[in-house]
Number of protein chains: 4
Amino acid sequence: MAAQEPEDTARRRAPRVDAIRNREAIVEAASAVLAEQGTAVDVREIARRSGVGMGTLYRHFPKKEDLVHTVLRKDFSEWAESARQAAVDAEDPWAALTAFYEQALTGYARHRAIMENFSLTWTVPDLEGLQQLRRVIERLCAGAAGLLRPGVTVDDLLLLLVSLGHAVQITDDCRPQMWNRLLRISLDGLRAEHHEPLPADTAPGTRPPGPDREVRPSGPSHPAAGS
Amino acid sequence: MAAQEPEDTARRRAPRVDAIRNREAIVEAASAVLAEQGTAVDVREIARRSGVGMGTLYRHFPKKEDLVHTVLRKDFSEWAESARQAAVDAEDPWAALTAFYEQALTGYARHRAIMENFSLTWTVPDLEGLQQLRRVIERLCAGAAGLLRPGVTVDDLLLLLVSLGHAVQITDDCRPQMWNRLLRISLDGLRAEHHEPLPADTAPGTRPPGPDREVRPSGPSHPAAGS
Amino acid sequence: MAAQEPEDTARRRAPRVDAIRNREAIVEAASAVLAEQGTAVDVREIARRSGVGMGTLYRHFPKKEDLVHTVLRKDFSEWAESARQAAVDAEDPWAALTAFYEQALTGYARHRAIMENFSLTWTVPDLEGLQQLRRVIERLCAGAAGLLRPGVTVDDLLLLLVSLGHAVQITDDCRPQMWNRLLRISLDGLRAEHHEPLPADTAPGTRPPGPDREVRPSGPSHPAAGS
Amino acid sequence: MAAQEPEDTARRRAPRVDAIRNREAIVEAASAVLAEQGTAVDVREIARRSGVGMGTLYRHFPKKEDLVHTVLRKDFSEWAESARQAAVDAEDPWAALTAFYEQALTGYARHRAIMENFSLTWTVPDLEGLQQLRRVIERLCAGAAGLLRPGVTVDDLLLLLVSLGHAVQITDDCRPQMWNRLLRISLDGLRAEHHEPLPADTAPGTRPPGPDREVRPSGPSHPAAGS
DNA sequence: CATGAATGAGGTTTCATTCAT
DNA sequence: TATGAATGAAACCTCATTCAT
């Protein structure tokens, strides 16, 4: 209504160039900071590293959570995609599985916020990236059907990824590639020559009803002691 | 001033009864709270559950860190000991190894602060409990020498423990015992019938000097981008 | 430089068409928004509803206050005028007074910003609209001279308007027309059959010098207590 | 459990003396500040005037709202009580009504936060103080039954109080006692010699359903124009 | 010596105003 | 000239730590 451009209506106003640059700077800085320090970072640190003011940051991402989610969605997707690609490029089904884990663990497992989120939400299939990841693993499972130990599920492979991802997080700074040894061990343990059944996963969905947490046979009781 | 004066001791001991009881109450409450909520917990929560005031708590432990360390040392030791005992009670070397992991993961892996700390400090052999744990694993390794895949180190087994411990943390609430499947897989992967050498752990001590973190082949580089 | 040069004017006018349209759009949107939400509203809300950018808004009105004042002057004047007209159309002096209040309270008393401002500035006869209003009331007073209780002043009638305006603001949403009952009561109280003199308005101009606020006989003193 | 006092268990720990002093200081300062500036004040201003730190303030009142409510409840109750007492002390029913309004308006009507809240919540009979006030007015109504104009309701008298309270707020600084003239007018308008019925309060409960706000006969439409 | 109230730096979020495009 | 992105000073609230009682 106000301020009409004579014949340029089709062309969108240009000045978003810097806005886009800023948004990207924010996301990039946030990605770096979140990777380094996890989601507990001070928003100011992100603003400082992006070179923008707090207001700019909050213009693009009204809540800290919004920024974190945006970054995680992006990084998580890229992560899943890079791992998928590594699997696709492999020569045989088992090599695909191996390459998948290697790429996944090499590429992003040091991203603290991703691992944080992965750990917190791996059972909640709401995240796009997580779904992607699960689909990749499903395909790998299908492809390596005869080679995989019977009874191994997609959830097992996903949990293995989280678990090894954590190992990467805590070793990669001081012992790069040490996690690779665990990976070999686990992959070997996944092969078909192991015939014993895996222990039943008693609660496929959620916690089973019944007396709460009587899992621990001999450990001390205080972690469960209410007060 | 004097280290131990018999007649002084009598006068001093009376008030210390309370002090000792308080200290124990604090440590016990802190253990429960730290197990449930991790080290990010509010100190007040600990004081509340101990039934002591903040001042008392801070008299015994001048910094939150001091309390946390005290608790962790104790719980970590108990943890190591319970796992050790489970191993000792086993019938054969491999059963000992299995029992060790089962007990360790069943008993304390839900202790959030322990796992936090374990993850942070597992390379720093300053903690008493960690040393204990390492000694237990050393003995298990020695005992199961012929059964263990060649090349497996104590550090591997320790890292496997951290890694599976994390899996316990994130699965035990919604999928109890799911981690047990990962444990079987890993233990099978540890058996001697796997003959391939494990990949070299290139950095036995700390990060090697040189170009920082060029580990990642294709992942984006921002996590390493300092600023 | 030159005040009015015919041929310059032609060149200048072209761009100003937009400017004028924008200015009007801003004022109109601001009027609506200020009426709804009062002066505490976010400037962005006004820009959004005007369909102009922040820059344009601030070009026309360098400070939020400028825009608010402009809107209030205009709306206040229209308000005064509509009330005046209602009074003029009435058949007799008392009906004029009644019609004046009815129109004033019906027409604009829900305009939050107007009432806010009316309350804040009713003693400061700087505003044009307020002067208008006062003139209307003066005329009504003069017309209804014999019918009005002796001693009633223009200020009384003005304050009555503010006071009832507030009643409208707080009742009109949940109890429409309830304020009308208060209006009847007040108008009846204004009639000449009441012979007692009104209490003296001790300070016709501003606060009298002297001990600060010793008005309150028995109420607690903290509202006046500085600290 | 911890730290038992030998035989003083019945006596409560003393050191709350300063806490109580602080709490009172906070409430008192808050009362003053809220009276002066309304509920939009900066919490820091209250902390500063109380002479306590932010933490202390937030220890006693975890949310700003808690503090505001506490102060308002107290001041509102005191207000209602002082007005009630003034009415009780009066010689006859009409004098009681008069004294009630005079005291109410003299004592607290300058308390901005009270009036803010009164205006916002006068239809919501949740507040204790409001209930008190309503009860006082009910009794006054009953007592002055024959003297009050027929058809006058408790809600009318309550709204009159809000309305005149607003008049006090905006006049008392520059024209003390001017509101008293409005009070006389209104009280005279409330007397029984006025026989015309008051206009019906069409919506006793809430807004009637139907086309929204077609109340305004000739006023401009923008205040209602949503967007 | 125990208590728990007090402290204040630091975290997230909002909004009037300015400025590059 | 119009745009709307950028700015940064508050505002609210939390929590490790200290200190008066």
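FYI, side chains are in, hydrogens and waters are out, and symmetry mates aren't considered; it's all heavy atoms of this structure. To find a chain, count down the sequence lines: A is the first, B the second, and so on, and within it residues start at 1.
The side chain of D:T56 contributes no N or O atom lying less than 4.0 Å from OP1 or OP2 of E:dA5. Phosphate contact (OP1/OP2 of F:dC13, side-chain N/O of D:Y58, threshold under 4.0 Å): present. B:N22 has no side-chain polar atom (N or O) that falls below the 4.0 Å cut-off from OP1 or OP2 of E:dC1.
Across all strands shown, F:dC13 forms a Watson-Crick or G-U wobble pair, both distances under 3.5 Å, with E:dG10. Base pairing of F:dA20 is made with E:dT3, judged by Watson-Crick or G-U wobble geometry with both donor-acceptor distances under 3.5 Å.
One interatomic measurement links the two molecules: CG of A:L67 to C1' of E:dT13, which rounds to 14 Å at whole-angstrom precision. Rounded to whole Å, atom P of E:dA5 lies 18 Å from atom CE of D:M54. Distance B:F61 CZ to F:dT18 P: 16 Å, rounded to the nearest Å. When the P atom of F:dG4 is taken as reference, atom NE2 of A:H60 falls 14 Å away, rounded to whole Å. Nucleotide E:dT7 holds its P atom 15 Å from the CZ atom of D:R44, rounded to whole Å. To the nearest angstrom, P of F:dT3 lies 14 Å from CZ of A:R59. D:R48 places its CZ atom 16 Å from the C1' atom of E:dT7, with the value rounded to the nearest Å. Taking atom NZ of residue C:K63 and atom C1' of nucleotide E:dT17, one finds them 7 Å apart after rounding to whole Å.
Counting only distance, with no hydrogens or angles, the side chain of C:K64 and the backbone of C:T39 share a donor-acceptor pair below 3.5 Å.
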* Run the numbers on B:E45 and B:R49 for salt bridge (Lys or Arg N to Asp or Glu O under 4.0 Å), then give the verdict. => CA-CA 6 Å; B:E45 175 70 11; B:R49 286 222 213 164; 3.1 Å; yes

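One finds a salt bridge joining B:R21 and B:D18 here, because a Lys/Arg side-chain nitrogen approaches an Asp/Glu carboxylate oxygen to under 4.0 Å.
Looking at heavy atoms from C-beta onward, A:V68 lies out of side-chain contact with A:R73 at the 4.5 angstrom threshold.
The side chain of D:K64 sits closest to F:dC13 out of F:dC13, E:dG4, E:dT7. With distances taken from any side-chain atom of A:D18 to the nucleotides E:dT21, E:dT12, E:dT18, the minimum falls on E:dT21.
For the residue pair C:H111/C:D75, the side-chain donor-acceptor check at 3.5 Å is satisfied.
Between B:L57 and D:R23, the one whose closest nucleotide on DNA chain E sits nearer the 5' end is B:L57. Nearer to the 5' terminus of DNA chain F, by closest-nucleotide assignment, is the contact made by A:I20 (compared with the other of D:T39 and A:I20).
Using a 4.0 Å heavy-atom distance criterion, D:G53 is classed as a sugar-phosphate-only contact.
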